[in-house]
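This is a predicted model, so every value here is computed, not measured.
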Amino acid sequence: MVEDRIGLRFAHALYAEAESRGQLEAAFEDMQMVSDTLASSKDLVLTLKSPIIPIGTKATVLNKIFTARFKSPLTQDFINLILRKEREQYLHQITAGFIQIFQKAHNISEGEVVSADTLSSDVLNAIQQEVEKETGNKFVFTHRVDPQLIGGFTLRVGDRLFDGSVSSSLRKLRQSLVKTSF
């Protein structure tokens, strides 16, 4: 998609500049914060995509939301550049691209553990250590509870899904019985 190419082009530029200035970690934290904010605010995304809202208004909104929270002055300069180039509608793709580039360069895998019940920290640590051993990357994940799994858990690492849930096993059993019915 065009949006992804534009996002990656800007993300690569920010990554290279942050690396040359020694502000890579701060820029990464800033991009995560911007990404999280965009993910949680549909109104902000719609504002940035709107062709009716003037750039000045969008700049004011972004500055009020983010300026005091940025750890790197480079990030503020970068947001201003995006606004000058009128690419603010791609901010979400840019942040996602930057996070992806950073994680790949630093051998970080991202994922999610979903379980039927809350897992203890010992179990979560064991899962994390096993994934890190298998992938050779640091594993950063979120944990979410979904009672519909009935038991067990699912593990997503990047684009791979490991399903050890009871609901999945029951679904497979049901499909097997339907196929072999007399």
Peer 1: Any side-chain to backbone donor/acceptor pair from Thr60 onto Gly56? Under 3.5 Å, distance only.
Peer 2: yes
Peer 1: Check Ala18 against Ala27 and note the closest heavy-atom contact, atom names and distance.
Peer 2: CB-CB, 3.8 Å
Peer 1: For Gln76, which residues count as a side chain to side chain contact (heavy atoms under 4.5 Å, CB included) partner, sequence neighbours excluded?
Peer 2: Asn63, Thr67, Phe70, Asn80
Peer 1: Output all residues satisfying side chain to side chain contact (heavy atoms under 4.5 Å, CB included) with Ser20, sequence neighbours left out; order by chain, then residue number.
Peer 2: Glu17
Peer 1: Mind checking whether Ile94 and Leu14 have side chains closer than 4.5 Å, heavy atoms only?
Peer 2: no
Peer 1: With the side chain counted from C-beta on, respond yes when Asn137 and Gln103 share a heavy-atom pair under 4.5 Å apart, and no when they do not.
Peer 2: no
Peer 1: Measuring from atom CG of Leu48 to atom NZ of Lys58, what distance do you get when rounded to the nearest 0.5 angstrom?
Peer 2: 6.5 Å
Peer 1: Of all residues at least two apart in sequence or in a different chain, which pass the side chain to side chain contact (heavy atoms under 4.5 Å, CB included) check with Leu161?
Peer 2: Thr154, Arg156
Peer 1: What pairs of residues pass the ring-ring contact (aromatic ring centres under 6.0 Å, His included) test when at least one of them lies in residues 6-26, not counting sequence neighbours?
Peer 2: Tyr15-Phe98
Peer 1: Under the salt bridge (Lys or Arg N to Asp or Glu O under 4.0 Å) test, which residues partner Lys172, sequence neighbours left out?
Peer 2: none
Peer 1: Looking at Thr95 and His92, what are the two nearest heavy atoms and their distance?
Peer 2: OG1-O, 2.9 Å
Peer 1: List for me each residue that meets salt bridge (Lys or Arg N to Asp or Glu O under 4.0 Å) alongside Glu86, sequence neighbours excluded, and say none if there are none.
Peer 2: none
Peer 1: What residues, two or more places apart in sequence or in another chain, satisfy side-chain hydrogen bond (donor to acceptor under 3.5 Å, both in side chains) together with Thr75?
Peer 2: Asp30
Peer 1: With sequence neighbours left out, what residues match Arg144 under side-chain hydrogen bond (donor to acceptor under 3.5 Å, both in side chains)?
Peer 2: Glu112
Peer 1: Which residues pass the side chain to side chain contact (heavy atoms under 4.5 Å, CB included) test with Ser50, not counting sequence neighbours?
Peer 2: Ile52, Ile53
Peer 1: Got a donor-acceptor contact below 3.5 angstrom from the Ser40 side chain to the Asp36 backbone?
Peer 2: yes
Peer 1: Working to the nearest 0.5 angstrom, can you tell me the gap between Lys138 NZ and Ile108 CD1?
Peer 2: 6.0 Å
Peer 1: How long is the straight-line distance from CG of Asn107 back to OG1 of Thr135, given to the nearest 0.5 Å?
Peer 2: 9.0 Å
Peer 1: Roughly how far, to the nearest 0.5 Å, is CG of Leu24 from CD of Glu19?
Peer 2: 6.0 Å
Peer 1: Which distance, rounded to the nearest 0.5 Å, do you find between the CD of Gln93 and the CD of Gln100?
Peer 2: 12.0 Å
Peer 1: Measuring from atom CG of Leu91 to atom CD of Gln89, what distance do you get when rounded to the nearest 0.5 angstrom?
Peer 2: 10.0 Å
Peer 1: With sequence neighbours excluded, tell me which residues meet side-chain hydrogen bond (donor to acceptor under 3.5 Å, both in side chains) with Ser72.
Peer 2: Gln23
Peer 1: Using links of under 4.5 Å between side-chain heavy atoms of ILVMFWY residues, direct or through other members, which residues join Leu155 in one cluster?
Peer 2: Val113, Leu119, Val123, Leu124, Ile127, Val131, Phe139, Phe141, Phe153, Val157, Phe162
Peer 1: Report the hydrophobic cluster partners of Leu149, with the cluster defined as I, L, V, M, F, W, Y residues connected by side-chain heavy atoms closer than 4.5 angstrom, directly or transitively.
Peer 2: Val114
